[in-house]
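A short write-up of the structure that comes next.
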Amino acid sequence: MLVLPIKPNGEEEKPSAVVSCHSHVQKLEMDSSNSDKQNNNQSVNEDPAGVDNEFCPGFKDVDAFVKYGLGTVVAATKASASLPQVGDEYDLYRSFPGFQEFCETQGDGLLHCMSQIMHHHGCRAHMRDRNKLTGLEERFDLVVDSNDVILEKVGILLDDAAGVNRSQQPVMPAGFQPPKIVVSSWNRKVQKQKTFRLLQAKNVTRPQLKFREKVDNSNTPFTPKIFVKPNAIKPLPSYFTNKHIRKERPEDLDVPAALADFIHQQRTQEHVEDMFAHPYQYELDHLALPENLLSKPEPQMYKPLAETKCSFIDTLEDLVAVNEKLAKTSEFAVDLEHHSYRSFLGITCLMQISTRDEDFIIDTLELRSELYILNEAFTDPAIVKVFHGADSDIEWLQKDLGLYIVNMFDTHQASRTLNLGRHSLDHLLKLFCNVDSDKRYQLADWRIRPLPDEMFQYARADTHYLLYVYDRLRVDLWEVGNGQPALLQMVWHKSKDISLKKYMKPLFTEDSYMDLLRKQKKAFNTQQLTAFRLLYGWRDKLARQEDESTGYVLPNHMMIKISDILPKEPQGIIACCNPVPPLVRQQVNELHLLVQQAREMPLLKVRHAWGAMHWLFLQPEIPLFGPHDTSRVSESDIPSFTPDGKIYLKSIVNINYDTVKDPGHLTVAQQKACRVVESFQNPFRMYLPSNDIHISKNAKFDPSTKIYEISNRWKLQSVEQQQKEVEAKKKAKEEAKAVAGVERKKAKQSYQESLQNVATVRQQASESIKPGGKKRERVASETGESTPKPNKKLMKAAVKKNEDSTTPLVFKPYDYSQSDFKVFAGTQPHVFVYVLSDFGHDISQKSNACAGNRSMSFFGGKSER
């Protein structure tokens, strides 16, 4: 039984009736059918002899207790109904001091009773410590949540009493995996299975609905939320200060917030750099570290968890007190807990801060709009902020809370500088503090409120020991650096670079899907690629509208499977998803239309659907070029494809064509590059203006523009037209082959005609016998010696001299008696010798001359003719 209290703070409030569990009471009555019906008027003071058999003090059995409780509930209901009603009657009674004092006394008693009941059942029981402005709503929410928890426990107990759900497994928090028990020996002890409490409900209320400033998921760049700059050396630009003061303009009501700010900035002609610059970049660039941070420290031991005070901060008053405490310290540790599955950009759910003496757990969901006041301590250069792995924490602080960090020390960077075996926080805690951290709640749903005690203790341990780890790491850096501050300065410099990081919102572009497709290494044809592009755009748009992550809307592997199969029916899309995402089931018809639109595309081969288009960008101006490097490729550098799949490249060799005027001085490779460049033609050249005129990129996606129509005509050209172009090219190749054959025949014929006027060896020999001719004398050589081949030019010169001379020469026969005829016996194969023919010419022959040799030489032995 829970009763809504009369408001004790002097404000008007309507008394409420008692919430009764009458149905559950009747069920308990049916279960106790063997009880005595005459126990209705049983007195509380029974015979002492039957005390030992009582169900509880003053009641014999369950039936007596239930009926007595039912009578009490009915009496309380009647009493609450007899209170003065809201209106003139209540105002009249309220004007009497006695009635007002009575209401406050009874209200305090009821609040105290309800708090004890709620605390007994593990619910939040701070009924009094509420803000005066929103106290009524908060107390009402607490009562509703407590009723849900109590009634749920009642249902579980009734099910257990009826024998239902006796074999139910323990429910564990999201992201927790129970340890697997592996028994490898017969004598190894098996630990008993632990029981776990329910740490997550099935349906968690979306905290985005309670945010004062709605989440901006628009496809526009992120602008900093800061409007006040504490500890500033360079003042905050006027854009940010006016942004918080000015009221909403009527012309910007239908425009996203970031885009409206950009329009207003253009109107007032402010600098664009101020919108996207880091607000504390000047302070971080001019940060000077004191000498005590660059020297060897004395480690200060941490306090035990049991002796350290820990506070949960969820009100503005407590947050202001925490900020004042942090401003008086010299260092404190910070950590964040983030949730990204049920939000497009992610939500910072919890912030843990630890000093040397106290721990704080701040509810960033409740105080999201007020946490900017912590910038006073977070940006103070005299206070050291200790993080571990702050790369993501810095971006989350800027995105959700508008907080920035000045003078930070990252223990993860220190661990990497020391080359430790592992760089995780649990390894550092085990190494320096001998503490085994429990990481089973690392992936839990941190949106749960109230926060369970197990998750509360886990969040507290993340920062409780971090300051001691910070001291130990500084000592090790000093000792490894041989007493020099070089390593310490390196870690401080790396930490400052992390503090300068800026949060960048994920933006959707026309080529965003290619990054994911390239990672998957999937080869798609044109239909599959179109389906993947349409599904990627649909998922991004829906995720921004519903403020859900893309993995929740449609996971990557399911999207690739749908694009690969291209189902013809909506049921096929459902079959590709297991389990089916809720938003896919709701909008399966829209997905089916997108798949049908992709199936209408002309089917082309896979190879140059995306692979060649994205890695065959040859840019000579990039010195370190790689075929898969597309980071610096612009849209104007996309090559053109012919119907047969060939690519027209703009340039392959870096040539300065303006300075090269004579093509004869170019190398073969440069000439080939010139021909490739000359053959390239832009298919849109006749439609595009000159390079001096600027064209908006949005015109390519606007259906009302001419450029959009032209690009679609070019992309969607029919397959028949492509085949015609291929056939025409084949015919041109065949004609070129025929022309080349005719030219080859003509060249052969002209060569044969030129050989007719050339005198043969026999003709030259016969001419030398005629009167007036001179026979060439043989040079004497030793027997068996091979003579080098005579030079033709010398022979021709000798013939000319003989012809010019008028003195006739007398023929003198050769004396064969002086020759060694063994060289003609044929015993040495493949040996070339020179013999003198009867016409006085040297003819080279093989000693084993084959049949058909028509030499005019004289051989010793039998002739082979």
Side-chain angles (χ1 to χ4, degrees), residues 230-231 280 283-284 287-305 307-311 313 319 321-336 351-362 371 373-391 393-394 397 401 403-415 417-418 425 428-429 431-433 435 459-478 485 487-500:
N231 305 306
Y280 282 91
E283 285 76 9
L284 287 169
L287 178 64
L289 295 174
E291 294 182 358
N292 60 337
L293 297 181
L294 298 176
S295 59
K296 183 179 180 180
E298 290 293 335
Q300 184 177 350
M301 193 63 184
Y302 57 87
K303 292 184 178 181
L305 288 174
E307 300 177 4
T308 306
K309 180 183 177 182
C310 184
S311 306
I313 310 301
L319 182 63
V322 170
N323 184 43
E324 294 176 355
K325 292 180 180 179
L326 295 179
K328 298 177 182 179
T329 61
S330 59
E331 67 268 335
F332 59 86
V334 186
D335 191 24
L336 299 177
M351 179 189 294
Q352 306 98 277
I353 299 178
S354 294
T355 62
R356 299 284 184 180
D357 303 321
E358 194 173 358
D359 299 330
F360 305 99
I361 307 296
I362 302 176
L371 278 169
I373 66 176
L374 291 180
N375 267 327
E376 183 178 353
F378 278 36
T379 60
D380 190 350
I383 303 176
V384 178
K385 277 69 66 175
V386 182
F387 284 77
H388 181 82
D391 299 79
D393 295 342
I394 293 295
L397 288 173
L401 311 176
L403 294 176
Y404 294 87
I405 306 298
V406 177
N407 194 8
M408 180 189 72
F409 186 92
D410 193 344
T411 55
H412 177 78
Q413 298 298 327
S415 175
T417 305
L418 290 171
L425 180 59
L428 296 180
L429 294 180
L431 180 63
F432 295 117
C433 307
V435 174
R460 178 189 182 184
D462 276 352
T463 56
H464 180 77
Y465 307 96
L466 198 55
L467 290 177
Y468 178 73
V469 173
Y470 158 69
D471 293 339
R472 292 290 303 272
L473 287 173
R474 289 171 58 198
V475 171
D476 292 349
L477 289 170
W478 179 268
L487 295 181
L488 281 170
Q489 290 177 347
M490 183 186 301
V491 175
W492 284 109
H493 182 71
K494 291 181 179 179
S495 302
K496 185 181 72 173
D497 292 341
I498 296 176
S499 301
L500 285 170

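Count residues from 1 along the sequence. We use all heavy atoms of the structure for the numbers below, so side chains are in, but hydrogens, waters and symmetry mates are not.
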task: Apply side chain to side chain contact (heavy atoms under 4.5 Å, CB included) to the pair Lys494 and Asp410, showing each step before the final yes or no.
output: CA-CA 8 Å; Lys494 291 181 179 179; Asp410 193 344; over 6 Å; no

Audit row: Lys325, Phe360, side chain to side chain contact (heavy atoms under 4.5 Å, CB included) steps and yes/no: CA-CA 11 Å; Lys325 292 180 180 179; Phe360 305 99; 3.9 Å; yes

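- Shown here for Phe432 and Val469, the closest heavy-atom pair between the two residues is CD1-CG1, 4.1 Å.
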- request: Begin with the C-alpha distance, continue with both residues' side-chain angles, and end with the deciding distance and a verdict on side chain to side chain contact (heavy atoms under 4.5 Å, CB included) for Asn231 and Val406.
  value: CA-CA 10 Å; Asn231 305 306; Val406 177; over 6 Å; no

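- In this structure, Gln413 contributes its side chain and Ser495 its backbone to no donor-acceptor pair below 3.5 Å.
- Here the straight-line distance linking atom CG of Leu500 with atom CD of Glu283 works out to 10.5 Å at 0.5 Å rounding.
- When side chains are defined from C-beta on, His493 counts as touching Asp497, because their heavy atoms get closer than 4.5 Å.
- Using a 4.0 Å cut-off between charged side-chain N and carboxylate O, Arg356 and Asp471 make a salt bridge.
- No side-chain heavy atom of Val384 sits less than 4.5 Å from a side-chain heavy atom of Ser330.
- Taking the side chain as every heavy atom from C-beta outward, Cys310 and Ile361 approach each other to under 4.5 Å.
- In this structure, His412 and His388 have perpendicular ring planes: the angle between them is above 60°, well past the 30° mark.
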task: Please step through side chain to side chain contact (heavy atoms under 4.5 Å, CB included) for the pair Met351 and Leu403, ending with a clear verdict.
output: CA-CA 12 Å; Met351 179 189 294; Leu403 294 176; 3.9 Å; yes

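- Between Trp492 and Tyr470, the ring-plane angle classifies as perpendicular under the 30° and 60° cut-offs.
- Side chain of Lys303 to backbone of Thr308: no donor-acceptor contact under 3.5 angstrom is found.
- Between Asp335 and Thr463, the closest heavy-atom pair is CB-CG2, 3.4 Å.
- Side chains of Leu293 and Leu488 form no contact here, defined as non-hydrogen atoms less than 4.5 Å apart.
- Formation of a donor-acceptor pair under 3.5 Å by the Asn375 side chain with backbone atoms of Tyr404 is found in this model.
- For the side-chain contact (heavy atoms from CB on, under 4.5 Å) test with Phe387, the passing option among Asp393, Leu336, Ile498 is Asp393; the others fail.
- Taken from OG1 in Thr329 to CG in Asp380, the straight-line distance is 9.0 Å, to the nearest 0.5 Å.
- Listed for the Arg472 side chain is no donor-acceptor partner under 3.5 Å among the backbone atoms of Leu431.
- Between Tyr465 and Cys433 the shortest heavy-atom distance is CB-SG, 3.9 Å.
- Residue-environment remark: CD (Glu358) exceeds the threshold of 12 foreign heavy atoms within 6.0 Å.
- Proximity of Leu326 to Ile353: side-chain heavy atoms (C-beta onward) are separated by under 4.5 Å at one or more points.
- For Ser354 against Asp359, the heavy-atom pair with the smallest separation is OG-OD1, 2.9 Å.
- For the atom pair OG1 of Thr417 and CG of Leu473, the computed distance is 9.5 Å after rounding to the nearest 0.5 Å.
- Across all their heavy atoms, Asp462 and Leu425 have their closest contact at O-CD2, 3.7 Å.
- Separating the CG atom in Leu429 from the OH atom in Tyr468 is a distance of 11.5 Å, to the nearest 0.5 Å.
- A heavy-atom distance below 4.5 Å is not found between the side chains of Asn407 and Ile383.
- One distance of note links NE2 of His464 with CG of Leu305; it measures 4.5 Å at 0.5 Å rounding.
- No side-chain heavy atom of Asp476 sits less than 4.5 Å from a side-chain heavy atom of Leu487.
- Using a 4.5 Å heavy-atom threshold, the side chains of Lys385 and Phe409 count as separate.
- What you find for Ala414 and Leu477 is that their closest heavy atoms are CB-CD1, 4.1 Å.
- Going from atom CD1 of Ile362 over to atom CG of Leu374 covers 5.5 Å, rounded to the nearest 0.5 Å.
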